[in-house]
Engineer: 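Before I ask anything, here is the structure I am working with.
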There are 2 protein chains.
Amino acid sequence: MTMRDTSLQLRYLSEPELIGLGATDISRCTDVMCEVFSLLATGDYRMGGPNHSSHGIKVDFPLDPVFPGMPKHTSDRRFMAMPAYVGGKYRATGLKWYGSNIENAQRALPRSMHLVVLNDTDTGAPIAVMPGNLISAYRTGAVVGAGARYLARPDADSVAVIGPGVINQVAFRAILAARPGITRVFIAARSAASENAQKFVQMIRSEYPQVEQIEVVDSIRSAVAAADIVTVAATGLAGAENYPTFEGSWLRPGAYVAATSNIEVDTAFLRTGSRNVVDHTPLYEAYVANFTRPYHERLGALGVKYQDMLLDGELTSADIVEFGDVVDGRAPGYDSTRPSFFSIGGIPAEDVAWATELLWEAERRGVGTVLPIWDQPTLL
Amino acid sequence: MTMRDTSLQLRYLSEPELIGLGATDISRCTDVMCEVFSLLATGDYRMGGPNHSSHGIKVDFPLDPVFPGMPKHTSDRRFMAMPAYVGGKYRATGLKWYGSNIENAQRALPRSMHLVVLNDTDTGAPIAVMPGNLISAYRTGAVVGAGARYLARPDADSVAVIGPGVINQVAFRAILAARPGITRVFIAARSAASENAQKFVQMIRSEYPQVEQIEVVDSIRSAVAAADIVTVAATGLAGAENYPTFEGSWLRPGAYVAATSNIEVDTAFLRTGSRNVVDHTPLYEAYVANFTRPYHERLGALGVKYQDMLLDGELTSADIVEFGDVVDGRAPGYDSTRPSFFSIGGIPAEDVAWATELLWEAERRGVGTVLPIWDQPTLL
């Protein structure tokens, strides 16, 4: 019997270290997301569930827990595990795992607290652990930016921000990286004095001095009327009556509308007036598998509404465009004649790819804390 | 605006540190498992999926991948994410995440490589990360031991080991902690010369000098004929013809049979001759929700066979005993008149509870590496 080196380590990267490695480099993240969409469209990925395209598995809590100390369900309160293998140059496996509590705001903490784990695809051993808040927000924003690269008017000069929170802060940066000619911004907020709206305005003033016009408005209709690009990221309760609501007639003909959160759009317009692009149709098929209809009442993603419309015969699968087909040139990009909606549902492969890119950078530079797992396994 | 301390840390514990904290203390782990079963039976837990009792979400691979570098499915090759909240004194949330590859043996690594993450149930923030191999194996073995405490003959003197691998090494220790009068051991192995069988014999000789008789036999029937306790932990292919197969008539009247892996037992005996105990019926209901029948062909856990038998009218729910009801005294324990089977399916709440116990010990003693998440969140 020869002696083998069975010692294993994993690398820990803190949020400041991740920033040093490029975690806030939105253009680079957008490049990675475009690669991921190509892999998703061709099938070079594996996620959870029967169709290998599940968003993940959720732990949530009862509205009226009878056990002392058991959390009580509130809006968005949940834990979620999102595993994926992503192929291509990544050939990487890992998971994002997060907990959300809207009351975190009272502690000056983000609503969602993320962690990302990366594994050796071959042995399964964990190789890296890192806080996931930046990774998750940047990959989401970068998907909005990837859409802007392909689906927005090339000389777009105006953006509407529906929901001036963390996700839209990053999505805005991604849009401006893809369309640097933006000079006008319309922010829809409950009140112009809202803390988030004011933070958003400050962010634009300090990072994008080329933006000449910033207006905080109190309706979605006012925000989108003159916008070439619309980014929707607003949390809220279930039920279509609570979702940010759009009528297609409010939009400019070639508008690009990215929806990373709940959204309601008039069905007639989606049937005949819009181009309907999704990040990954099987994601929504997996989402609705355990729902009763109408699915969109349960989960406000636009891709879920498309599932309802497909079953109602209001759309056919030929009416739905996979974004990876746009990236790969199998489907056309910008359409000047009608608005393009892009449903962004949150795909574990995105987190794994972006975290892997950052881990590679950490390995190249020797950044992070290398932690021992064992010198040899106790049980073998 | 007052300044708040928003700095966050998480604690990393290596496998050697976990051992120092008691990760291999099988009696303590068995105590924790008994508490977990009480919580599972009363409902003071939340796991994934529609019935809050899912084992987890799996990523697996195709038999014939068409993409370069995509792993190929082999027996047990998978990644699995297993999240849980467990109540009682724990009020703890976390997940186990592992990858399995049977070829790891060639690298002198365990087939499955586990990681456990624990979170602040309230904020969702990660608070601890630790290798999960010991946690996972000890919680599984401890469940076998918990069963021995309640379901085995009080003066049991003999154990049959079906599958002398890692899980049964730990299960054996758990059984001997619960029933210290064991003096005879029968090990079923493909060959008496098998490396695993020989390692198992050595383990018994070095740790349990009171054991007078150790026999390696080549059939399950020979192993169980004189055994008061039987522990089954053998991997293999799907399909009942590949599972370790038992006939009820081979067993002693008061035998306790713990099955942590695939098993086949003659249906007639399960219908009329045995006591049928499970760790948690909703776990199996969640397992089979996406299967076609017969479920037991797809997954070899005994609790899955019970699901088939319930649907076939061969058992009623009154014939299935929840182990937590035994622990809490709502159902009787040892039955001298007939064998008791105990189906052990693998429950995320077990991992979270045991890891939490070890984390508390680490916090008391100041053990581990405390890692910064951030001083303040970049995105808020």
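Each chain gets a letter, A, B and so on, in the order its sequence line appears, and its residues count up from 1. Both backbone and side-chain heavy atoms feed into the values below; hydrogens, waters and symmetry mates do not.
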Engineer: Side chains of Ser136(B) and Asp351(B), heavy atoms from C-beta outward: is any pair under 4.5 Å?
Structural biologist: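 Yes. Closest side-chain heavy atoms under 4.5 Å.
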Engineer: Can you say whether the rings of His114(B) and Tyr98(B) are parallel (under 30°), tilted (30 to 60°) or perpendicular (over 60°)?
Structural biologist: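 If you compare the ring of His114(B) with that of Tyr98(B), the planes turn out tilted.
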Engineer: Take Met203(B) and Phe172(B) through the test side-chain contact (heavy atoms from CB on, under 4.5 Å) and record every step on the way to the result.
Structural biologist: CA-CA 10 Å; Met203(B) 183 271 284; Phe172(B) 185 84; 4.0 Å; yes
Engineer: Checking heavy atoms, do the side chain of Pro50(A), its backbone, both or neither come under 4.5 Å from chain B?
Structural biologist: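 Looking at Pro50(A), just its side chain touches chain B.
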Engineer: Quick check on the interface: out of Leu134(A), Asp122(A), Val117(A), who has the most heavy-atom pairs with chain B under 4.5 Å?
Structural biologist: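 If we count pairs closer than 4.5 Å to chain B, Asp122(A) comes out on top.
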Engineer: Which bit of Arg77(A) comes within less than 4.5 Å of chain B, counting heavy atoms only: side chain, backbone, both or neither?
Structural biologist: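 For Arg77(A), the side chain is the part near chain B, not the backbone.
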Engineer: Using ring centroids (six-membered ring only for Trp), state whether Tyr85(B) and Phe61(A) fall under 6.0 Å.
Structural biologist: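 Centroid separation for Phe61(A) and Tyr85(B): below 6.0 Å.
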Engineer: Which region of Asn196(A), side chain (C-beta onward) or backbone (N, CA, C, O), has a non-hydrogen atom less than 4.5 Å from a non-hydrogen atom of chain B, or is it both or neither?
Structural biologist: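 No part of it gets close to chain B.
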Engineer: Identify the heavy atoms of Gly43(A) and Met70(B) that sit nearest to each other, and give their distance.
Structural biologist: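 Looking at all heavy atoms of both residues, the closest pair is O-CE, 3.9 Å.
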Engineer: Could you measure the distance from the CG atom of Leu13(A) to the CD1 atom of Ile19(A)? Nearest 0.5 Å is fine.
Structural biologist: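 Result: 12.0 Å between the selected atoms.
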Engineer: Which bit of Val170(A) comes within less than 4.5 Å of chain B, counting heavy atoms only: side chain, backbone, both or neither?
Structural biologist: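 For Val170(A), side-chain heavy atoms alone lie under 4.5 Å from chain B.
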Engineer: Looking only at heavy atoms and a cut-off of under 4.5 Å, which of Pro126(B), Gly56(B), Pro110(B) has the most pairs with chain A?
Structural biologist: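 Answer, by heavy-atom pair count under 4.5 Å with chain A: Pro110(B).
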Engineer: Counting only non-hydrogen atoms closer than 4.5 Å, does Pro65(A) touch chain B with its backbone (N, CA, C, O), its side chain (CB onward), both, or neither?
Structural biologist: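 Neither part; nothing is under 4.5 Å.
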Engineer: Specify which of Ala81(A), Pro68(A), Ser100(A) makes the most heavy-atom pairs with chain B at under 4.5 Å.
Structural biologist: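 Max contact count across the listed options: Pro68(A).
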Engineer: Using non-hydrogen atoms and a 4.5 Å limit, figure out which bit of Arg91(B) sits close to chain A: side chain, backbone, both or neither.
Structural biologist: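 When you check distances to chain A, only side chain atoms of Arg91(B) fall under 4.5 Å.
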Engineer: Answer with side chain, backbone, both or neither: which region of Tyr138(A) has an atom nearer than 4.5 Å to a non-hydrogen atom of chain B?
Structural biologist: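 Side chain only.
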Engineer: What option among Val66(B), Asn290(B), Leu95(B), Thr24(B) has the most heavy-atom pairs under 4.5 Å with chain A?
Structural biologist: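 Max contact count across the listed options: Leu95(B).
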Engineer: Please look at Leu10(B) and chain A and tell me whether the side chain, the backbone, both or neither of the residue comes under 4.5 angstrom of a heavy atom of that chain.
Structural biologist: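 Only the side chain of Leu10(B) comes within 4.5 Å of chain A.
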Engineer: In terms of heavy-atom proximity below 4.5 Å to chain A, should Gln106(B) be classed as side chain, backbone, both, or neither?
Structural biologist: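 It is the backbone, since no side chain atom gets that close.
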Engineer: Can you tell me how far apart CG (Asn101(B)) and NZ (Lys72(B)) are? Round to the nearest 0.5 Å.
Structural biologist: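 Reported to 0.5 Å precision, the distance equals 12.5 Å.
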Engineer: Using every non-hydrogen atom in the two residues, find where Ala349(A) and Leu40(A) come nearest and quote the distance to one decimal.
Structural biologist: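 It is CB-CD2, 4.4 Å.
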Engineer: Which residue out of Gly132(B), Gly48(B), Gly49(B) racks up the most heavy-atom pairs below 4.5 Å with chain A?
Structural biologist: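 The residue among Gly132(B), Gly48(B), Gly49(B) with the greatest pair count is Gly48(B).
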Engineer: CG of Leu379(B) to CZ of Arg111(A): how many Å apart, nearest 0.5 Å?
Structural biologist: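 Answer rounded to 0.5 Å: 12.5 Å.
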Engineer: Please report the closest heavy-atom contact between Gly124(A) and Asn119(A), naming both atoms and the distance.
Structural biologist: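 Here Gly124(A) and Asn119(A) meet closest at O-ND2, 2.9 Å.
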Engineer: CD of Glu103(A) to OG1 of Thr74(A): how many Å apart, nearest 0.5 Å?
Structural biologist: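 That separation rounds to 6.0 Å.
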Engineer: With a 4.5 angstrom heavy-atom cut-off, could you sort out which part of Asp44(A) is near chain B: side chain, backbone, both or neither?
Structural biologist: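 Asp44(A) touches chain B through backbone and side-chain heavy atoms alike.
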Engineer: Tell me, out of Gly165(A), Pro62(A), Ala125(A), who's got the most heavy-atom pairs with chain B below 4.5 Å.
Structural biologist: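 Highest number of pairs under 4.5 Å: Pro62(A).
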Engineer: Which distance, rounded to the nearest 0.5 Å, do you find between the CG of Leu18(B) and the CG of Asn133(B)?
Structural biologist: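 That separation rounds to 10.5 Å.
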Engineer: Below 4.5 Å, heavy-atom pairs only: which of Ala108(A), Gly88(A), Ala84(A) has the largest tally toward chain B?
Structural biologist: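 Heavy-atom pair counts peak at Ala108(A).
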Engineer: Between chain B and each of Gly99(A), Gly69(A), Ser14(A), count heavy-atom pairs under 4.5 Å; write down the option with the most.
Structural biologist: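 If we count pairs closer than 4.5 Å to chain B, Gly69(A) comes out on top.
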Engineer: Answer with side chain, backbone, both or neither: which region of Ser54(B) has an atom nearer than 4.5 Å to a non-hydrogen atom of chain A?
Structural biologist: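 Only the side chain of Ser54(B) comes within 4.5 Å of chain A.
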Engineer: Side chain, backbone, both or neither: which part of Pro131(B) has an atom under 4.5 Å from a heavy atom of chain A?
Structural biologist: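 Looking at Pro131(B), just its side chain touches chain A.
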Engineer: Is it the side chain or the backbone of Met47(A) that comes within 4.5 Å of chain B heavy atoms, both, or neither?
Structural biologist: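 Backbone only.
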Engineer: Measuring heavy-atom distances to chain B, does Leu115(A) have an atom under 4.5 Å in its side chain, in its backbone, in both, or in neither?
Structural biologist: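 Side chain of Leu115(A) only, per the 4.5 Å heavy-atom cut-off to chain B.
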Engineer: May I have the step-by-step check of side-chain contact (heavy atoms from CB on, under 4.5 Å) for Ile57(B) and Phe79(B), ending in yes or no?
Structural biologist: CA-CA 8 Å; Ile57(B) 188 167; Phe79(B) 284 87; over 6 Å; no
Engineer: What option among Pro71(A), Gly87(A), Ala105(A), Ala137(A) has the most heavy-atom pairs under 4.5 Å with chain B?
Structural biologist: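 The residue among Pro71(A), Gly87(A), Ala105(A), Ala137(A) with the greatest pair count is Pro71(A).
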Engineer: Could you check which of Thr6(B), Val166(B), Thr123(B) has the highest count of heavy-atom pairs closer than 4.5 Å to chain A?
Structural biologist: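 Looking at each option in turn, the highest pair count goes to Thr123(B).
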Engineer: Rounded to the nearest 0.5 Å, how far apart are CD of Gln169(A) and CG of Leu380(B)?
Structural biologist: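 Result: 9.0 Å between the selected atoms.
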Engineer: Counting only heavy atoms closer than 4.5 Å, note whether Leu8(A) contacts chain B via side chain, backbone, both or neither.
Structural biologist: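 Side chain only.
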Engineer: At their closest point, which heavy atom of Asn168(B) faces which heavy atom of Gly163(B), and how far apart are they?
Structural biologist: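 For Asn168(B) versus Gly163(B), the nearest heavy atoms are ND2-O, 2.8 Å.
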Engineer: Select one option (side chain, backbone, both, neither) describing which atoms of Thr369(A) are under 4.5 Å from chain B's heavy atoms.
Structural biologist: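 Contact with chain B is through the side chain of Thr369(A) alone.
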Engineer: Is it the case that more than 12 heavy atoms not belonging to Asn51(A) sit under 6.0 Å from its CG atom?
Structural biologist: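 Yes - once you tally the heavy atoms of other residues, nucleotides and ligands closer than 6.0 Å, there are more than 12.
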Engineer: With a 4.5 angstrom heavy-atom cut-off, could you sort out which part of Arg46(A) is near chain B: side chain, backbone, both or neither?
Structural biologist: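 For Arg46(A), the contact with chain B is made by backbone and side chain together.
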Engineer: Measure distances from Asp60(B) to the heavy atoms of chain A and classify the residue's part below 4.5 Å as side chain, backbone, both or neither.
Structural biologist: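 Both backbone and side chain.
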